[in-house]
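First listed ligand is number 1; within each ligand, the first listed atom is number 1. Just so it is clear, the values below take in all heavy atoms, side chains as well, and ignore hydrogens, waters and symmetry mates.
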Amino acid sequence: MSYDLVIAGGTVATASDTFSCDIGVRDGTIVALGHDLGPAKETIDATGHLVLPGGIDSHVHIAQPSGEGIVMADDFASGTLSAAFGGNTTVMPFCMQEKGTSLRQTVKDYHKLAEGRCYTDVSFHLVISEPSEQVLGQDLPALIEDGYTSFKVFMTYDGLALNDREMLEVMSVARETGALVMVHAENYDAIRFLTDRLERGGHIAPKFHGTSRPIPVEREATHRAISLAELVDVPVMIVHVSNREAMEEIARARSRGLKVYGETCPQYLVLTEKDMDGLNMEGAKYVCSPPPRDTASQQACWEGLSNGIFNVFSSDHCPFRYDDPAGKLIPKGRTSFRWVPNGIPGVETRLPILFSEGVGKGRITLNQFVALSSTNHAKTYGLTKKGSIAIGMDADMAIWDPKREVTISQSLLHHGSDYTPYEGIAVTGWPVTTILRGQVLVRDGQLVGKPGQGGHVARERSALAAPAGQLPTSFAPAGRYR
Ligand code: URP
Ligand code: ZN
Ligand code: ZN
Ligand code: ZN
């Protein structure tokens, strides 16, 4: 029987191996690996190129309401288009519950925004901002059952921050239901204190965003999140880790046998706090939380990618336009960094930066690159048919030209932002062709896919979310794993 698609002549890399072979695809699934596979309706010649599992970006923000008068720069069409051009086949955005809206309604609303518009596959996480009885007792367990098997909680941000009691409540639900908890770890009160004092001293420029959220703010909250998770014996993912001290909290927890996972992002590898130091409002282009740190922190994050402290490398793509009163230049932002929308675009540049700075410079291996950019995301979040090149898996692949030299520039990118914080960074290695479930989305740098080609993927519970079975007190929380 002939194949729908054969990718021939390439060097295939997975999280564990690198080998030369052809890949046969039928009905969107990888059905053969070998040589001389026989007839195919279409053959793509990948000679001289790498064939990698399609990138999975497990931390992106698309079309999220972001405060009064602020509009996120990407909808599901532009966000997933940009992702596809960056070698990704799946992104994981958030259904962010706003106070006063039910979690069920939130999920419906995001599906409506995504429906028919996506180029890549998407799989939603939830964000819990209001852990009411209804959410904890009904909606969250039901949604987890429906395949939304992870959710994020915030320890900071007005309207989102949960207190420690609320953190324990939602973590307990995760334990009972097998969901994975993602934590944004920064100390809310400390940030508010520092922000007030900075403003009082007239320190209102974007660069003071970094000053208002120094490393101890992140380190303390990381420690606290881990301690709370330990109390109810639930695994946690600490997202967007920016520095060594937070990494040390993760390492210490693991040495005690706890299941604590880590994520870092491109901004912590190639940006520093100094980038926020721009003239006038230019620094706003780099405002994100936690803020980029210094070169020693960059070095630490590279070590964490290499030594396994970080399971996943995500973009935390959170795009706003710069030259726009509904974006970074919101009028209130001139009165204080406090009002500058937090977040930067990066879904299209995540993989080239990691490939070039990581594999190209010998900091990580090609197989680690695959693990950090795709395989581990699938394993961590329960995307059981994605993240590898193996028989029976979705035919999600990116063909890379490992020698292509590109200088990152806004003019090359497909996101809705009007700038990239990575402007001018020279990289070697670029994804040229992206294939989603056997259908070509991007071919030799040209769009051939259509909106609606991607769809929503419900997930299994991840094995990584199963409790460690280790409690620090005689209190034993109830739950399916007890
Ligand atoms: O500044 C950031 N990272 N904005 C996105 C929201 C979040 O906390 O991940
Ligand atoms: Zn061959
Ligand atoms: Zn966050
Ligand atoms: Zn984020």
Any idea which N/O/S atom from Asp316 gets closest to the Zn ion (ligand 4)? OD1
Is Arg252 salt-bridged to Glu249, cutoff N-O under 4.0 Å? yes
Minimum-distance protein heavy atom relative to atom 8 (O) of ligand 1: His184 ND1, 2.8 Å
Considering only heavy atoms, does Cys318 approach ligand 1 within less than 4.0 Å through its side chain, its backbone, both, or neither? side chain
Strictly under 2.8 Å, is the Zn ion (ligand 3) approached by any N, O or S atom of Lys152? yes
Presence of salt bridge, Arg338 and Asp158, under 4.0 angstrom: no
When you compare the side chains of His59 and Asp316, does any donor N or O come within less than 3.5 Å of an acceptor on the partner? yes
For His240, the ligand 1 atoms whose distance to one of its heavy atoms is below 4.0 Å: 7 (C), 8 (O), 9 (O)
Basic-acidic side-chain contact under 4.0 Å: Glu145, Arg461: yes
Using 4.0 Å as the upper bound for N to carboxylate O, is an ion pair formed by Asp57 and Arg350? yes
With a cut-off of 4.0 Å, which atoms of ligand 1 are near a heavy atom of Asp316? 2 (C), 3 (N), 5 (C), 9 (O)
Check all N, O or S atoms of His184 and name the one closest to the Zn ion (ligand 3). ND1
Strictly by modelled atom types, are Ser289 and Asn342 linked by a side-chain donor-acceptor pair under 3.5 Å? yes
Can you tell whether the side chains of Arg244 and Glu303 come within less than 4.0 Å, N to carboxylate O? yes
Does Asn342 approach ligand 1 within less than 4.0 angstrom via side chain, backbone, both or neither, non-hydrogen atoms only? both
Ligand 1 atoms in contact with Cys288 (distance to a heavy atom under 4.0 Å): 1 (O)
Note: Lys152, heavy atoms under 4.0 Å from ligand 1, region reported as side chain
Over 60° means perpendicular and under 30° means parallel, so classify the ring planes of Phe208 and Phe337, tilted if in between. tilted
Which ligand 1 atoms does His59 reach within 4.0 Å, using its non-hydrogen atoms? 9 (O)
Shortest protein heavy-atom distance from atom 1 (O) of ligand 1, along with the residue and atom involved: Ser289 N, 2.7 Å
Any salt bridge between Glu245 and Arg293, counting N to O under 4.0 Å? no
Has His317 got an N/O/S atom less than 2.8 Å from the Zn ion (ligand 4)? no
